[in-house]
2 protein chains.
Amino acid sequence: MDDRDFLKIAIEQGAKSLAEGGVPVGAAIAVDGTLLAAGHNRRVQQGSVIRHGETDALENAGRQHASVYARATMYTTLSPCDMCTGAILLYKIPRVVIGENRTFLGNEALLRERGVEVIVLDDPECKALMDEFIRRYPDVWNEDIGEE
Amino acid sequence: MDDRDFLKIAIEQGAKSLAEGGVPVGAAIAVDGTLLAAGHNRRVQQGSVIRHGETDALENAGRQHASVYARATMYTTLSPCDMCTGAILLYKIPRVVIGENRTFLGNEALLRERGVEVIVLDDPECKALMDEFIRRYPDVWNEDIGEE
């Protein structure tokens with residue numbers, strides 16, 4: 001499986017969340033070319049303020065040794081917010097593949113500054129998910145990124 | 001209630017976690033001088049990799065409007081790691097009171113750089129909790145901060 005295949009898993013997670021009325025950000029974590037875990041934002045579904053796509057995938061992966069994270073790639077449909085950027089840095093995940101960063105630009109600069117390889121695929125399907133959500137639920141989206 | 005009173009609530013959370021065999025980092029969030037929520041690390045208790053003291057308190061507070069976070073202070077027994085730093089920045093919490101930063105120094109520099117007021121109380125009780133935990137469970141502690 002290659003980067004596009006794993007991003008597709010993240011997109012499926014985002015689309016599942018959108019179908020549930022939730023924030024359509026999905027993520028997947030691959031280690032040694034194999035899927036470790038996937039997840040999606042759960043603000044609407046579980047009232048969670050810390051389960052974004054990336055953190056939900058990390059939580060679903062469970063407790064892992066640093067040597068596992070060191071071989072991981074985080075796939076996410078959307079540019080990682082400050083919290084998810086911090087989670088990636090905490091666990092020293094060395095590579096992040098981002099679906100798109102046009103609807104929201106997270107802290108990619110900090111990831112790069114700390115030595116993380118950041119790849120932005122500029123995927124139209126990822127952008128379409130976000131465009132639809134922001135149009136339908138602008139208040140929930142603002143809440144999810146800490147904006148008024 | 002003043003800063004010391006809210007830090008005491010965070011310490012009680014950390015002590016509760018230690019009594020459960022867990023990472024003894026606790027946190028409390030105050031808004032307008034009133035307790036909004038408290039929490040503690042749940043790596044051992046729930047197998048969680050994203051529920052640190054600060055993020056657990058945020059999760060326990062539930063969904064909040066940006067105007068609530070804008071009036072909040074985060075109290076934490078230990079200097080916030082990269083993930084918790086990012087969560088504080090995401091929700092634009094303007095003030096963080098830290099019990100101690102001798103056993104672990106998080107990204108206080110980034111908080112300050114982004115305009116967050118950071119106060120370190122250098123509390124011996126917070127340090128004693130961490131010293132005991134790191135002595136008894138060094139492997140769990142390293143796992144919690146993404147180290148080998």
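Fair warning: this is a prediction, and the values are worked out from it, not measured in the lab. A, B, ... follow the sequence lines: proteins, then strands. Residue 1 opens every chain.
Distance NZ/B:Lys92 to CD/A:Glu148: 9.0 Å, rounded to 0.5 Å. A:His65 contributes atom NE2, which lies 8.0 Å from atom CG of B:Asn142 (distance to the nearest 0.5 angstrom). Annotation: the span from A:Glu143 atom CD to B:Tyr91 atom OH amounts to 7.5 Å, rounded to 0.5 Å.
The local environment of CZ in A:Arg102 is sparse, with at most 12 non-hydrogen atoms from other residues, nucleotides or ligands closer than 6.0 Å. Residue B:Lys127 places its NZ atom among 12 or fewer non-hydrogen atoms of other residues, nucleotides or ligands, all under 6.0 Å distant. Around the CD atom of B:Glu125, the shell of radius 6.0 Å holds no more than 12 heavy atoms that belong to other residues, nucleotides or ligands.
The contact between B:Arg114 and chain A is made entirely by side chain atoms (from C-beta outward), counting heavy-atom distances below 4.5 Å. Of the two parts of A:Gln64, only the backbone, made up of N, CA, C and O, holds a non-hydrogen atom closer than 4.5 Å to a non-hydrogen atom of chain B. With a 4.5 angstrom heavy-atom cutoff, B:Leu110 touches chain A only via side-chain atoms.
In the hydrophobic clustering of ILVMFWY residues, with side-chain heavy atoms under 4.5 Å counting as a link, B:Ile9 and B:Tyr75 come out together. Linking ILVMFWY residues whenever their side-chain heavy atoms come closer than 4.5 Å, directly or via other members, leaves B:Val118 and B:Leu78 in distinct clusters. Residues B:Met1 and B:Met74 do not share a hydrophobic cluster, defined by chaining ILVMFWY side chains whose heavy atoms lie under 4.5 Å apart. A single hydrophobic cluster is seen to contain both A:Ile145 and A:Val44, as judged by linkage of ILVMFWY side chains at heavy-atom distances under 4.5 Å, directly or through other members.
Considering only heavy-atom pairs separated by less than 4.5 Å from chain B, the leading option among A:Arg63, A:Met83, A:His52 is A:Arg63. Most heavy-atom pairs under 4.5 Å with chain A: of the set B:Asp82, B:Asp56, B:Thr85, B:Asn107, this distinction falls to B:Asp82.
Of all the heavy atoms in A:Ala66 and B:Gly146, the pair that sits closest is CB-O, 3.7 Å.
A:Thr55 pairs in a side chain to side chain contact (heavy atoms under 4.5 Å, CB included) with only one of the listed residues (B:Val49, B:Ile50, B:Thr55), which is B:Ile50.
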